[in-house]
Amino acid sequence: MSSIRAKMLMFAVVATLVPSLTTVWISYIENKRALVGKASEELLGVTAQAVREADLWTKELRYDLRVFSSSYEVTENLEHMPLVRGEPVLSGIYHKRLADYLNSVRDKFRDYSELLVLDEHAHVVASSSNKGIRVALPQEWASDLRTSGWTQSAPYWDSTAGQASILVAVPIQSGAASRGRAAGGRSLGALAARVNLRTVADTLRHFAPGESGQIYLMSRDGRIIVSSRGASAALMEQRYTPQSANWLLAREGRAVQFTSFTGERVVGSMRAVPSLEWVVVSEIPSVEAFSQVARLRNVTLGIVTLLLAVVGAFAYLLSLLIVRPLDRLTQAASRVAGGDLDIGLPVRGGGEVGYLTQVFNNMVVRLRESHVELERLSLTDPLTGLYNRLRMMEVVENEVRRSRRLRHPFAVLMADLDLFKKYNDAHGHPAGDAVLKRVGAIMREASRDVDFVARYGGEEFLLMMPETEIEGAIEVAERIRNKIAAEKLPVGAITVSVGVAAFPGHGDAAEALIAAADAALYEAKRAGGNCVTAAAKSRVSAPKTL
């Protein structure tokens, strides 16, 4: 049945031999199955989309809080806050700066009801609110922060904000560790946020299935959190029994019929959110889900006579079934020719068309892999594996735009190997290449995950550090310089000179900022090399004896 000839022959047999009533009955059964499958596919689709959105929201929340917790304003003010009997003094300039920073962050992010800085005992050190609401982190919050860098409370109803909320926290480490200068740095406490789930509820509303269906978040023990129909304290009191919750969890990723927490018989599906201990459940009332099947039965009986009169129409429909895969291939080939490689055609059946579809999909996969590899080669330096100059300029320009909008600082370091030509002449170019690779690795090791390291050209390297003031950048530069100077190379020794500039003090555009760092680098070179110099300032460290 996979070839066109066999399909045409089968049509002739069916049209001639099978009685019309049998044809009608088969049509009804198949259409019923298709409608049930369509309802199941819709439920599975909206559930998967809602899970992706909830997971993306959680990952963005984690990323933002980690960026805020590593901010200079948090780590430095918390480290300098005076202690009385081992407890921080909740007053003074450092406490005020910390509270002002928390307020500024909260004002920019609508999901945060409150931001708090906690000490290692979960006592509030600073807050964006003056209401003094108790912090209710889970008992194992400290171990969660050590192991995964994240902890969250059970969802609760925030009567003040009128929203379902959760309390989340990320660790705060000492200034050196937070900027990637030391592994396993001293823990200063935690940055916690009361996060309302309004955005999640709005997202669920967009994915509500059918006309009267709903989609909602549920904890694994069966407690309802938010729904596409809204959020309320009464809703959060609703829950499934543990047996019903376990029954649903055992059928994850399938469309099944069950009794909802409202007592209504529904058809629904459930999927777990990977980054949360929650699940998304979408459901449609069974009456609505199967209403089309009843209508189909009545319509089918009404068109029996028409089916007998238009047998020839089946030939036309069958020809469409044969031509449609070819049309899909034609349209897909046109998209590939236009540069769109994000295409994957479903392989339905075997035969010539199925084999051609498989060949087409394999071709697109190879083209996509080649495109990805070419893109990677265009953005990285083949020797060191670092970003190249083109990519770094794009990153710096993007960071300038972001820092202008958020009024945040960032810094750039321009590093150049001292007397590298002499080193190459003395030890050979293979040894010089090995030095460039090692220097690139040292700069990667000395920087944070959010920093960008690039080979700017020749023996020059550029490091861009978001959320970093000039003082922090100078410390990183000194560490890099000392590590390179102390590095035991297979032959000879090498040192580095570094120029440092910060946004916006040394320039409000990418070119100006890099030019300032480059000028500072040449000052370091003129000072004898092996030193760090800040832009528009006196030399930070004296040249070291080679």
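Small disclaimer: the values here were computed from a predicted structure and weren't measured.
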Item checked: Audit row: Arg52, Asp55, salt bridge (Lys or Arg N to Asp or Glu O under 4.0 Å) steps and yes/no -> CA-CA 5 Å; Arg52 282 195 296 270; Asp55 189 55; over 6 Å; no

Next item on the list: Show the numbers, then the answer: is there a side chain to side chain contact (heavy atoms under 4.5 Å, CB included) between Leu383 and Asp433?
Entry: CA-CA 7 Å; Leu383 177 62; Asp433 290 346; 3.9 Å; yes

Next item on the list: Determine, stepwise, if the pair Val498 / Leu521 fulfils side chain to side chain contact (heavy atoms under 4.5 Å, CB included).
Entry: CA-CA 5 Å; Val498 186; Leu521 171 63; 5.7 Å; no

Margin query: The test is side chain to side chain contact (heavy atoms under 4.5 Å, CB included); show your working for Arg455 and Leu436 and say whether it passes.
Written below: CA-CA 9 Å; Arg455 184 182 179 189; Leu436 292 174; 3.4 Å; yes

Check: Does the pair Val400 and Phe503 meet the rule for a side chain to side chain contact (heavy atoms under 4.5 Å, CB included), with working shown?
Finding: CA-CA 8 Å; Val400 167; Phe503 176 90; 4.2 Å; yes

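Counting only distance, with no hydrogens or angles, the side chain of Ser128 and the backbone of Leu115 share a donor-acceptor pair below 3.5 Å. Between the side chain of Asn103 and the backbone N or O of Ala99, at least one donor-acceptor pair lies under 3.5 Å. Put simply, the side chain of Asp518 never gets that close to the backbone of Ile514: no donor and acceptor are under 3.5 Å apart. Side-chain atoms of Ser71 do not come within 3.5 Å of backbone N or O of Val67 as any donor-acceptor pair. No donor-acceptor pair under 3.5 Å is formed between the side chain of Arg448 and the backbone N or O of Ser70. For the pair Asn530 (side chain) and Ala524 (backbone), a donor-acceptor distance under 3.5 Å is absent. Checking side-chain atoms of Thr47 against main-chain N and O of Gly45 turns up no donor-acceptor pair under 3.5 Å. In this structure a side-chain-to-backbone donor-acceptor pair under 3.5 Å is missing from His506 to Ala411. A donor-acceptor contact shorter than 3.5 Å links the side chain of Glu252 to the backbone of Ala272. Looking only at distances, no side-chain donor or acceptor of Arg438 sits under 3.5 Å from a matching main-chain atom of Ile484.
In this structure Phe420 satisfies the ring-ring contact (aromatic ring centres under 6.0 Å, His included) test with no other residue, sequence neighbours excluded. A search for ring-ring contact (aromatic ring centres under 6.0 Å, His included) contacts involving Tyr94 returns His80, not counting sequence neighbours. With sequence neighbours excluded, the residues satisfying side chain to side chain contact (heavy atoms under 4.5 Å, CB included) with Ala192 are Leu116, Leu118, Leu167, Ala169.
A heavy-atom distance below 4.5 Å is found between the side chains of Lys483 and Glu445. Counting heavy atoms from C-beta on, the side chains of Tyr423 and Val491 come closer than 4.5 Å. Side-chain atoms of Pro504 and Arg404, non-hydrogen and from C-beta on, never get closer than 4.5 Å to each other. Leu462 has its side chain out of reach of Leu413: every pair of non-hydrogen atoms, C-beta onward, lies at least 4.5 Å apart. Between Glu120 and Ser187 the shortest side-chain heavy-atom distance falls below 4.5 Å. Residues Ile494 and Asp418 fail the side-chain proximity criterion, which asks for heavy atoms closer than 4.5 Å. Val168 places none of its side-chain heavy atoms less than 4.5 Å from the side chain of Thr151. At least one side-chain heavy atom of Leu102 sits under 4.5 Å from a side-chain heavy atom of Leu191.
The closest side-chain donor-acceptor pair between Asn388 and Arg391, if any, does not fall under 3.5 angstrom. Between Thr199 and Asp111, the side chains place a donor N or O and an acceptor N or O closer than 3.5 Å (distance only, hydrogens not considered). A side-chain N or O of Thr384 and one of Asp381 form a donor-acceptor pair less than 3.5 Å apart. The closest side-chain donor-acceptor pair between Ser497 and Asp416, if any, does not fall under 3.5 angstrom. Side-chain contact of Arg479 with Asn482: a donor-acceptor pair under 3.5 Å is absent, judged by distance alone.
In this structure, Asp451 does not pair ionically with Arg444, as no charged nitrogen and carboxylate oxygen lie closer than 4.0 Å.
Centroid-to-centroid, the aromatic rings of Phe109 and Phe68 come within less than 6.0 Å.
Applying ring-ring contact (aromatic ring centres under 6.0 Å, His included) to Phe452 and the options Phe410, Tyr387, Phe461 leaves one that passes, Tyr387.
For the pair Arg389 and Tyr456, the cation-pi criterion (under 6.0 Å, within 45° of the ring axis) is fulfilled.
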